[in-house]
Structure formats: structure tokens, C-alpha cells
Colleague: 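Can you read through this structure? Questions will come right after.
Sequential numbering from 1 along the given sequence is applied to the chain's residues. These numbers come from the heavy atoms of this one structure, side chains and all, not from hydrogens, waters or symmetry mates. Whatever order the structure lists them in is the order used to number ligands and atoms, beginning at 1.
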Amino acid sequence: MNKPFTPRLVYFEPQSLDYPLGKELLEKFKKMDVEIRYTTSHNQVRNLPGDNDLQRYRLAKSTLVVGIRKTLKFDTSKPSAEYAIPFATGCMGHCHYCYLQTTMGSKPYIRTYVNVDEILEAADKYMEERAPELTRFEASCTSDIVGIDHLTHSLKRAIEHFGKSELGKLRFVTKFHHVDHLLDAKHNGRTRFRFSVNADYVIKNFEPGTSPLEKRIEAAGKVARAGYPLGFIVAPIYLHEGWEEGYYHMFERLEKELPPEGKEDLTFEFIQHRFTKPAKRVIEKNYPMTKLELDEEKRRYKWGKYGIGKYIYQKEEEEDLKSHLFEYMKKFFPNAKLEYFT
Ligand code: SF4
């Protein structure tokens with residue numbers, strides 16, 4: 001995906017037009033000649049066109065719903081932050097392994113919330129509650145927020161909001177390279193801008209509809225030059241033939257293509273591939289031809305919340321992945337910090 005996302009269909013909740021961003025988006029989509037419809041609630045978009053589930057799923061992934069975020073109670077977001085800050089839900093990407101497929105169930109369309117001020121006010125209250133402790137907010141728990149921000153600029157506003165705050169920090173991760181409008185945001189070093197990266201095999205086979213690795217690295221360079229603290233999430237770390245070379249080559253490219261500024265305050269997060277039984281069912285339905293390995297027999301079961309456990313790699317495989325990736329990180333980025341391996 002080289003071009004920024006343009007929805008094929010846009011729904012508006014009528015109340016969203018009471019907000020400046022709602023009005024702005026309506027004008028924008030009218031000019032872009034995108035089909036516009038109205039819905040009583042962003043949770044009630046039904047009758048999407050399409051002859052079968054697969055077609056409807058595809059169209060839903062390029063449908064944007066402009067609404068209001070009513071619940072201003074934030075979810076927790078361990079281990080990378082204290083809270084998830086909700087500016088959007090859903091994503092136009094088609095990563096086969098994406099957990100949003102299960103969490104969004106029958107609503108795979110993308111929702112953006114125009115009451116950004118109210119969301120930021122709620123964040124301020126969370127910060128006050130935890131003062132004098134710092135509070136970190138993760139903006140990409142339920143979407144790839146950068147992927148739609150060229151349309152809404154909500155993330156940009158949030159970056160500037162946290163730029164002014166004393167006790168708040170913002171973080172998000174993306175697989176998209178459309179970052180230019182964020183480069184002049186007054187971030188004040190309080191936002192960690194992360195990119196999701198992977199071995200070529202994983203990107204090629206399982207991440208359609210996202211930006212190519214070289215574009216992500218190029219964007220990471222721009223972001224670093226704009227003074228943002230930078231991070232990379234390697235996820236999902238996936239065993240495949242030649243994975244050692246694949247991940248080595250990924251680190252090598254990152255090191256070669258990143259400018260020196262990008263290597264100064266750098267963090268890594270490592271997340272091994274995992275799946276749950278419900279996720280497996282949804283993946284096989286949405287991407288029936290996927291090569292993604294989802295064999296419970298080959299994995300280790302880890303008990304999880306609400307009784308839904310996940311299948312992760314066997315202990316030795318996990319150790320092997322962990323030690324190799326850690327070694328590569330130290331070799332190519334001796335000053336980087338590993339935040340966690342999970
Ligand atoms: Fe999911 Fe991220 Fe891929 Fe979007 S880019 S489909 S949020 S994994």
C-alpha cells in the first residue's frame with residue numbers, strides 16, 4: 001500500500017456533525033466524491049453491500065464510520081502503557097494474524113471518533129488520578145491510527161496535547177509510512193513513535209494492505225529527524241524456514257537505512273506469534289488461503305484472561321527466538337533498550 005487510505009464508503013452518525021471535525025470530514029469526503037451514508041450509531045452499521053461474507057468483509061475494511069466515542073472509560077494496556085486511548089477502532093490493513101479480527105467480530109469497519117477534546121479531557125483526568133506518577137497512553141490498541149490520521153489529524157492533536165502535558169506520554173505503533181503531516185507536530189519528546197517491522201517472509205505473506213518495509217524505515221528516519229523518540233516492535237516473531245537470516249537481514253537493513261538520530265533513543269519490543277482458538281476460526285474464515293501456521297499441536301498453551309488461553313511457541317523455540325533477536329539487536333543497535341519480550 002503506497003497511497004494513503006481513501007475509504008470507499010463513509011457513514012456519519014448525525015451527531016458527529018455537531019463537532020468541527022465531523023463537519024470538516026463531511027466536506028472533505030464530499031469533495032473526494034466518496035459515497036456518503038448516515039447511521040444512527042457507529043455500532044449499528046448493517047447491510048454493507050456484497051454478495052457473500054468475504055466481499056462484505058473486504059468492503060467493511062475500506063468503510064469509514066464517523067462517530068462519537070461515548071465510553072470515555074479507557075481500557076488498560078499492559079505491558080506497553082497504562083491506558084489505551086481510543087481515537088479510532090479498526091484498520092484498513094489485511095494482516096492475516098491481526099487480533100482485531102476477533103475483537104471486532106461482526107464490525108470490521110473502521111470507526112473514527114470526532115469528540116477528540118472529550119477524549120483528551122478524559123486522559124487528563126487519568127493523569128491527575130495517578131499524579132505524580134507518569135501515565136503512558138497507547139493510541140494503537142484498537143486500530144493503526146497513523147493509517148487514517150492523514151484524514152482526521154486526531155493523532156496530531158493528541159501528540160501536541162501530550163507535548164504540553166507534564167505527566168502524560170503518548171505512544172503508538174504503525175505499519176504505514178504516511179507520516180508527513182506529523183513531522184511538524186510540537187511533540188516535545190513526549191510521544192514515542194514506533195513502527196512495526198518484520199522479516200521479509202512475514203511481510204510478504206501475511207501483511208497485505210500495509211506499507212512495504214523500506215517505506216516504513218524511510219518514515220522512521222523522517223520521524224527521528226523530527227526529534228521523536230523512536231521505537232520498533234518486531235511482531236509477530238514467526239518461525240519460518242530461514243527465520244534466523246530473515247530477522248538478521250531485517251536488523252541489518254534497519255541499521256543501514258536509519259539516520260544516526262534514529263539510533264539514539266531507541267526501543268525495541270518483541271512479541272512472538274500467538275493465536276487463540278476463536279482467532280484461528282476467524283482467520284481461516286477471512287483469509288481461507290493463508291499460509292499462517294495455526295496448529296495447536298505444535299504450540300504451548302498459555303492460560304489467559306476470561307478462560308481464553310493462547311497458543312505460543314514451545315519453550316525451546318521461544319528461547320531460541322528470544323536469544324537470536326536479542327543478539328541481533330545488541331549487534332546492530334548496542335544502545336537500544338529492549339522493553340519486553342512476550
Ligand atoms: Fe491489524 Fe496492524 Fe495489520 Fe492493521 S496494520 S490489520 S491493526 S496488524
Colleague: Between Phe137 and Leu120, does the side-chain contact (heavy atoms from CB on, under 4.5 Å) criterion hold? Intermediate values first, please.
Modeller: CA-CA 11 Å; Phe137 294 89; Leu120 292 173; over 6 Å; no
Colleague: Take atom 3 (Fe) of ligand 1 and tell me which protein N, O or S atoms are nearer than 2.8 Å.
Modeller: Cys95 SG
Colleague: Do Arg216 and Glu207 meet the salt-bridge criterion of a basic N to acidic O distance under 4.0 Å?
Modeller: yes
Colleague: Give the C-alpha distance, both sets of side-chain angles, the deciding distance and a yes or no for side-chain contact (heavy atoms from CB on, under 4.5 Å) between Met127 and Phe162.
Modeller: CA-CA 11 Å; Met127 283 187 253; Phe162 287 101; 3.5 Å; yes
Colleague: Treating Glu133 as the side-chain partner and Arg130 as the backbone partner, does any N or O pair qualify as donor plus acceptor under 3.5 Å?
Modeller: no
Colleague: Taking Arg56 for the side chain and Gly50 for the main chain, is one N or O donor matched with an acceptor at less than 3.5 Å?
Modeller: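 Confirmed, Arg56 side chain pairs with Gly50 backbone.
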Colleague: Check this for me, if you would: do Lys315 and Glu318 make a salt bridge, where the nitrogen-to-carboxylate-oxygen distance has to be below 4.0 angstrom?
Modeller: yes
